[in-house]
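Report on the structure given below.
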Amino acid sequence: MMSEEKALNFLEEIIEEDLKNRTHQGKVQTRFPPEPNGYLHIGHAKSICVNFGLAKKYQGQCNLRFDDTNPSTEETEYVESIKADIKWLGFDWDRELYASDYFETLYNYALNLIDKGLAYVDPSSAEEMAALKGTPTTPGTDSPYRNRSIAENRQLFEEMRAGKYADGAMVLRAKIDMKHDNMLMRDPVIYRVKHAHHHRTGDQWCIYPMYDFAHGQSDSIEQITHSICTMEFIPHRELYDWFIEKLGIFPSHQYEFARGNVNYMVTSKRRLLQLVKEQFVEGWDDPRMPTISGLRRRGYTPGSIRSFWESVGVAKRDNNIDINLLEFCIREELNKTALRRMAVIDPIKLIITNLEEGQSISLPAENNHEMEGAGERDISFSNELWIERDDFMENPPPKYFRLGPGLKVRLKHAFIIECTHFEKDADGHITTVFANYFPDSKSGSDTSGIKVKGVIHWLDVKTAKQAEVRLYDRLFTVEDPANEEGDFKDFINPDSLTIVSNAWIEPALLEAGMEDKFQFLRLGYFCKDKNSTAEHLIFNRTVGLKDSWAKEVKKG
RNA sequence: UGCCUGAUGGUGUAAUGGUAGCACAGCAGUUUUUGGUACUGUUAGUCUUGGUUCGAAUCCAGGUCGGGUAACCA
């Protein structure tokens, strides 16, 4: 049977149309153009998936190009983290490029415009320029310097480059139309004086091109066939096209899609920076952060992030994607790949009364039921075990399938037990549960004939190891913190991080590697945190398992 | 207010003049040595008003609502 073909998104339709018409001799060239002034987040991942994905799908190429035209905010540190994140996501660029590589060319493009009478040097202050710019409803007014001679403009611009002027003293503007409906077309600034050290060109330049005079031209130089960006750049397209036309260079074309928003997250650089600076989180890679590094540390896999954006799709309307979909994607992958282990994060003791102290039974345990060839490991069973506090109730409701006085459950990979009695401390907290086990109910060779509905996880007190476990919840209590009345930080979830310092884990987990993913049975998916040491293991919970019992309890 | 965009179940996304479908979430059930997984069923949608047409989510006109935009940032 033929598998159903997935519908094309609008970008794929455009590309296929271009391919059909041999618009660029059947070539597809895209680029991912980050500014190296911050860390990549999940929203960037969408752009990465779109740009690299499209190039791959249509046998084209995708460049990594840093839009580094503003030296005061850009740093090499960001360049490195961006490259690492893209590679981690599973993409490889064709060429690694920098807008700063084109500074000389861009400068010549500016000269070209001047020579055509399409650019002029303006010494007006930013305030003066703003005043003459008009408003969306009122047309702007021509600058008194708008009609300088070409020779004068050329000399002034050369002097700007030579360092004759202070920051802000002069700019080069395109001469377009001060009455244009599109504010960006009202003689936009294309070069400014900035005596700043650039992370790549050093002190070679003291004038830098603006975004609009660098991005499209860089696209053109690289012969980008499909310059894909987000919707807020739509108004820039007119300018983008204007420069390409006036300069007579390769006709790259810009296409815009809607950025992907995920609920309970913020992705603006400003807000992310605040969270870090004001220490609401541990850093850029805090597992609660929507940064690529945060997601990675949380235990998300590249594949899960890719399949997330794949299933979201690409369109032009505003969206607010349910974080449940992201969690579905990581569960879907980890269910097939994560090794199963047992851990007890809120322990109470279980004594097996009919097993002699000192006796130990070794039991085989599957590493992953869903994955062929995952093998098994041995776990030990004895008379003193740890079980989860949640798995025992003094007065269980009818549909509770776990332990309670007189109730039977299976201990995963081991035996069926029947609870006989329990002990409490002075505060009324359960401390110890007592049970008998049925020796003929051993997993895999159960001849007892006993049927139980519940299966619980456990650990042998003698072999269990201690570890710290960090449980995460969404960072915000509201779906869209950025659009809430007041400060977004007022909506930080106080329970976004729960540290369990005295959890028990099975000894096999001592060998966990940084890349390994685990399912702690019935608790969720976990990975080792980067701050773990041999003496102090830390595990982060990536995401919990679906929990229909918790839902049942909630319903009451 | 000008210009630019967009509007399909709770969420995301298809249907390109011809049966409104898929995924997530929800609900119900089957299977199950993870209350997981898998599987089955199911609830729920075309912003509005007109027009064109045998037939409109789709085309046209008006309205409504949402988003973007007015940096010497990108």
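In the text below, chain A, chain B and the rest are named by the order of the sequence lines, each starting its count at 1.
With distances taken from any side-chain atom of A:K316 to the nucleotides B:A74, B:G12, B:G6, the minimum falls on B:G6. Between B:U37, B:G66, B:U5, one nucleotide has an atom nearer to the side chain of A:E370 than all others, and that is B:U37. Looking at the side chain of A:K194, the nearest of the listed nucleotides B:G12, B:A74, B:C73 is B:C73. The side chain of A:W549 lies closest to B:G35 when the candidates are B:U34, B:G35, B:C73. Across B:A25, B:U33, B:C72, the shortest atom-to-atom separation from the side chain of A:F328 is found for B:A25. For A:D181, counting side-chain heavy atoms from C-beta on, the closest listed nucleotide (B:A74, B:G2, B:G35) is B:G2. The A:P136 side chain lies nearest to B:A70 when the options are B:G36, B:A70, B:U33. Between B:A14, B:U69, B:A74, one nucleotide has an atom nearer to the side chain of A:N9 than all others, and that is B:A14. Distances were taken from every side-chain heavy atom of A:K412 (C-beta onward) to each of B:G2, B:U13, B:U34; the shortest belongs to B:U34. Distances were taken from every side-chain heavy atom of A:L325 (C-beta onward) to each of B:A74, B:A7, B:C24; the shortest belongs to B:C24.
One atom, CG of A:D390, and another, P of B:G36, lie 16 Å apart when rounded to the nearest Å. In this structure, the NE2 atom of A:H215 is 18 Å from the C1' atom of B:A71, given to the nearest Å. Rounded to whole angstrom, the span from the CG atom of A:D322 across to the C1' atom of B:C22 amounts to 17 Å. B:U5 atom P lies 7 Å from atom CZ of A:R237, rounded to whole Å. Distance A:E366 CD to B:G36 C1': 14 Å, rounded to the nearest Å. Going from atom CZ of A:R306 over to atom P of B:A23 covers 22 Å, rounded to whole Å. For A:I234 and B:A70, the CD1 to C1' distance is 16 Å, given to the nearest whole Å. One interatomic measurement links the two molecules: CZ of A:F257 to P of B:G12, which rounds to 16 Å at whole-angstrom precision.
Rounded to the nearest Å, the gap between the C1' atom of B:U40 and that of B:G55 is 36 Å. On the P atoms, B:A7 is 10 Å away from B:A14, given to the nearest whole Å. Using P as the reference atom, B:A20 and B:U52 are 23 Å apart when rounded to the nearest Å. Taking atom P in both B:C65 and B:C72, one finds a spacing of 32 Å when rounded to whole Å. The separation of B:C59 from B:G18, taken at their C1' atoms, amounts to 15 Å, rounded to a whole angstrom. Spacing between B:C73 and B:G62 at atom C1', rounded to whole Å, works out to 40 Å. Distance check on atom C1': B:G50 versus B:U64 gives 14 Å, rounded to whole Å.
Note on A:Y208: nothing from the nucleic acid sits closer than 4.0 angstrom, heavy atoms only. Across all strands shown, A:T69 has heavy atoms under 4.0 Å from sugar-phosphate atoms exclusively, and none from any base. The residue A:A315 sits close only to the backbone: its heavy atoms come under 4.0 Å of sugar-phosphate atoms, none of a base. As judged by a 4.0 angstrom heavy-atom cut-off over every strand, A:V171 is placed among the base-contacting residues. Nucleic acid contact for A:S307: none, since no nucleic acid atom lies under 4.0 Å from a heavy atom of the residue. Using a 4.0 Å heavy-atom cutoff across all strands shown, A:Y165 reaches no nucleic acid atom at all. A:K551 comes within 4.0 angstrom of the backbone, heavy atoms only, and of no base. Here A:V452 lies out of heavy-atom contact (under 4.0 Å) with every strand. Heavy atoms of A:T135 sit nowhere under 4.0 angstrom from any nucleic acid atom. Using a 4.0 Å heavy-atom distance criterion, A:N320 is classed as a sugar-phosphate-only contact. No contact: A:G134 has no heavy atom under 4.0 Å from any strand. A:N70 comes within 4.0 angstrom of sugar-phosphate atoms only, judged by non-hydrogen atoms across all strands, and of no base. Across all strands shown, A:K442 has heavy atoms under 4.0 Å from base atoms, whether or not it also approaches the sugar-phosphate. Here A:M210 lies in heavy-atom contact (under 4.0 Å) with sugar-phosphate atoms only.
The shortest distance between side-chain heavy atoms of A:I330 and A:T542 falls below 4.5 Å. At least one side-chain heavy atom of A:P123 sits less than 4.5 Å from a side-chain heavy atom of A:Y145.
A donor and an acceptor atom never sit less than 3.5 Å apart when one is taken from the side chain of A:E256 and the other from the base of B:U5. Between the side chain of A:R522 and the base of B:U34, no donor-acceptor pair of N or O atoms lies under 3.5 Å. On a pure distance criterion of 3.5 Å, a polar donor-acceptor pair joins the side chain of A:H236 and the base of B:A74.
Pair assignment for B:A44: none, as no Watson-Crick or G-U wobble contacts are both less than 3.5 Å. Taking a pair to require two hydrogen-bonding distances under 3.5 Å in either a Watson-Crick or a G-U wobble arrangement, B:G36 remains unpaired. For B:G21, the paired base is B:U13 (Watson-Crick or G-U wobble, both distances below 3.5 Å). With both pairing distances under 3.5 Å, B:C73 is matched to nothing as a Watson-Crick or G-U wobble pair. Summarising the base pairing, B:C3 is matched to B:G68 through a Watson-Crick or G-U wobble pair whose two defining distances lie under 3.5 Å.
Judged by the 6.0 Å and 45° rule, A:R173 forms no cation-pi pair with A:Y120. Judged by a 6.0 Å distance limit and a 45° cone about the ring axis, A:R340 is not positioned over the six-membered ring of A:F518. A:R474 forms a cation-pi arrangement with A:Y264, by the criterion of a distance under 6.0 Å to the ring centre and an angle within 45° of the ring axis.
Where A:R331 and A:K269 each meet RNA chain B at their nearest nucleotide, the meeting point lying more 5' is that of A:R331. Taking for each of A:D122 and A:K46 the nucleotide of RNA chain B with the nearest heavy atom, the 5'-most of the two is the partner of A:K46.
Close to B:C73, at under 4.0 Å from its OP1 or OP2, lies a side-chain N or O of A:R192. Not one side-chain nitrogen or oxygen of A:R186 sits closer than 4.0 Å to the OP1 or OP2 atom of B:G2. In this model, the phosphate group of B:U13 is not approached by any side-chain N or O of A:S311 to a distance below 4.0 Å at OP1 or OP2. Within the structure, every side-chain polar atom (N or O) of A:R317 is placed at least 4.0 Å from both OP1 and OP2 of B:U5.
Residue A:K453 qualifies as open at atom NZ: its count of foreign heavy atoms under 6.0 Å is 12 or below.
With A:N70 as the partner, the side-chain hydrogen bond (donor to acceptor under 3.5 Å, both in side chains) test is satisfied by one option alone out of A:K194, A:E35, A:H198: A:K194.
Using a 30° and 60° split on the angle between ring planes, A:F213 and A:F243 fall in the perpendicular class, above 60°.
Salt-bridge formation is detected for the pair A:R65/A:D219: a Lys NZ or Arg NE/NH1/NH2 atom is positioned less than 4.0 Å from an Asp or Glu carboxylate oxygen.
Atoms CD and CG, on A:E327 and A:L334 in that order, are 12.0 Å from each other to the nearest 0.5 Å.
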